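Only one structure is covered here, and it is reproduced in the block below.
Ligands are counted one by one from 1 in listed order, and the atoms in each one are counted from 1 as well. The first residue in the sequence is number 1, and the count goes up from there. All values derive from a computational prediction rather than experimental measurement.
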Amino acid sequence: MIISGPSDYREAARRKLPPFLFDYIDGGAGDEATLRANQDGLASVNLKQRVLRDVASLSLGTELFGERLAMPVILGPVGLSGMYARRGEVQAARAARAAGIPYTLSTVSVCSLEEVIAANGAPIWFQLYVLKDRGFMRDALRHAEALGVTKLVFTVDMPAPGPRYRDARSGMSGRFAGARRLWQAVRHPSWAVDVGLLGRPHDLGNISRYRAKPAGLNDYIGWLGANFDPSISWADVEWIRDVWKGKIIIKGILDANDARDAQRFGADGIVVSNHGGRQLEGASSTARALPAIADAVGDRLTVLADSGVRSGTDVLRMLALGAKGVLLGRAYAYALASAGQAGVARLLGMIEKEMRVAMTLTGTASIDRVDRTVLA
Ligand SMILES: Cc1cc2nc3c(=O)[nH]c(=O)nc-3n(C[C@H](O)[C@H](O)[C@H](O)COP(=O)(O)O)c2cc1C
């Protein structure tokens, strides 16, 4: 399939992956109204066209948490990436490093933190979920610190997994799921060989390390429900703040009061996010929630955002609404599934190019100057 723009990777991923994996990436909670609202909300953000402002020299570089980035884009945590491409987390991290941006490894990744850091040759960001077994959290923090990780993304919008009906329809979960997945794999031979066979071991690397036995992939959705902890509270943030010396970025904030609390409990940054419409069906789109949150805490916390970003123009829209950096989720998961590291690299190139065009046409020479003045 010919890839002309970032959005083509979705169809390319659909063709490549067994349906249970494509739908796991593509789907959202409930009837997927929030999932749709994320993209619609961004699409309805108008940028102000300005002309004749000499934008021959553009600068996209920025600094986040003391780290220099080639552009204000971060590969966000996407669980099970090693099922979309062979050792997918390693491939995505390498593409991010080559593009000069951070990669965030999910708690529920196939490749472990040490595998990705060793292959990448540089530290990455690490995302932490709280499991009922709190010993895991302590161990994961210590381990990440020992490996040189200095940015912790603490995801707080998953005290329980959202109702994702597509997973039951597709064979990711539900009756006869194992047999259905096997049948789908047989019908997607290039994936079955490349990832299904040669991409082993298929395991939750960070969790198995702690538990000393393979965790969770046979009934992944059931495992999430059984192990995620609805009792998480600000006391957990307080505890992490005490033991973690690096930066803490709280992911999953959608309310200005929660953002103020994040600041009060010692976070360095937040990610305004509804988890890509995968958790609370009916939650506001990020585009809608972001401006009020940026107004409330933007001068004290580094405000990042995600959910619904599919293009360089969308990145600019998020920045215009008040974010200092933007996380990609599905956008790069589709590219990874379709063409591995090269796909993610190409996607990032297209996103950068689109950002340059949007900056030129809004008359903004420096990315750090993108703010509400570029909104029409
Ligand atoms: C397949 C998939 C897996 C995800 N896994 C995680 C995860 O392990 N941890 C996490 O904090 N967020 C996870 N997310 C949420 C993303 O980090 C991000 O918030 C979301 O994808 C943004 O929405 P978008 O994909 O529409 O851009 C996941 C999202 C997807 C699509």
Proximal atoms of ligand 1 relative to [X] (non-hydrogen, under 4.0 Å):
{"X": "D306", "value": "18 (C), 19 (O), 22 (C)"}
{"X": "G308", "value": "23 (O), 24 (P), 26 (O), 27 (O)"}
{"X": "Y129", "value": "6 (C), 7 (C), 8 (O), 9 (N), 10 (C), 11 (O), 12 (N), 13 (C)"}
{"X": "V108", "value": "8 (O)"}
{"X": "S106", "value": "7 (C), 8 (O)"}
{"X": "G329", "value": "21 (O), 25 (O), 27 (O)"}

Yes or no on side-chain contact (heavy atoms from CB on, under 4.5 Å) for R86 and W191, after CA distance, side-chain angles and deciding distance? CA-CA 9 Å; R86 190 197 306 183; W191 176 89; over 6 Å; no

Part of [X] within contact of ligand 1 (heavy atoms, under 4.0 Å):
{"X": "P77", "value": "both"}
{"X": "Y84", "value": "side chain"}
{"X": "Q127", "value": "side chain"}
{"X": "M158", "value": "neither"}
{"X": "R278", "value": "side chain"}
{"X": "V78", "value": "both"}

Is S273 in contact with ligand 1, taking contact as a heavy-atom separation below 4.0 Å? yes

Tell me whether A331 reaches ligand 1 (any heavy atom closer than 4.0 angstrom to a ligand atom). no

Is the side chain of Q39 donor-acceptor paired with the backbone N or O of G308 at a distance under 3.5 Å, no angle test? no

Are any of the N/O atoms in I25 less than 3.5 Å from those in ligand 1? no

Does the N or O separation between T155 and ligand 1 drop below 3.5 Å for any pair? yes

V116 and A93: which non-hydrogen atoms are nearest, and at how many Å? CG1-CB, 3.6 Å

Considering all heavy atoms, the nearest H275-S307 contact: N-OG, 3.7 Å

Could you check whether any side-chain heavy atom of M355 comes within less than 4.5 Å of a side-chain heavy atom of P72, counting everything from C-beta outward? yes

Hey, are D133 and R138 close enough for a salt bridge, meaning a charged N less than 4.0 Å from a carboxylate O? no

Cationic N near anionic O, under 4.0 Å, D23 to R164: no

Atom CZ of residue position R142 - does it have more than 12 heavy atoms of other residues, nucleotides or ligands inside 6.0 Å? no

Does D54, at its CG atom, have more than 12 non-hydrogen atoms belonging to other residues, nucleotides or ligands within less than 6.0 Å? no

Answer yes or no for R260 and F265: cation-pi contact, defined as NZ/CZ to six-membered ring centre under 6.0 Å and angle to ring axis within 45°. no

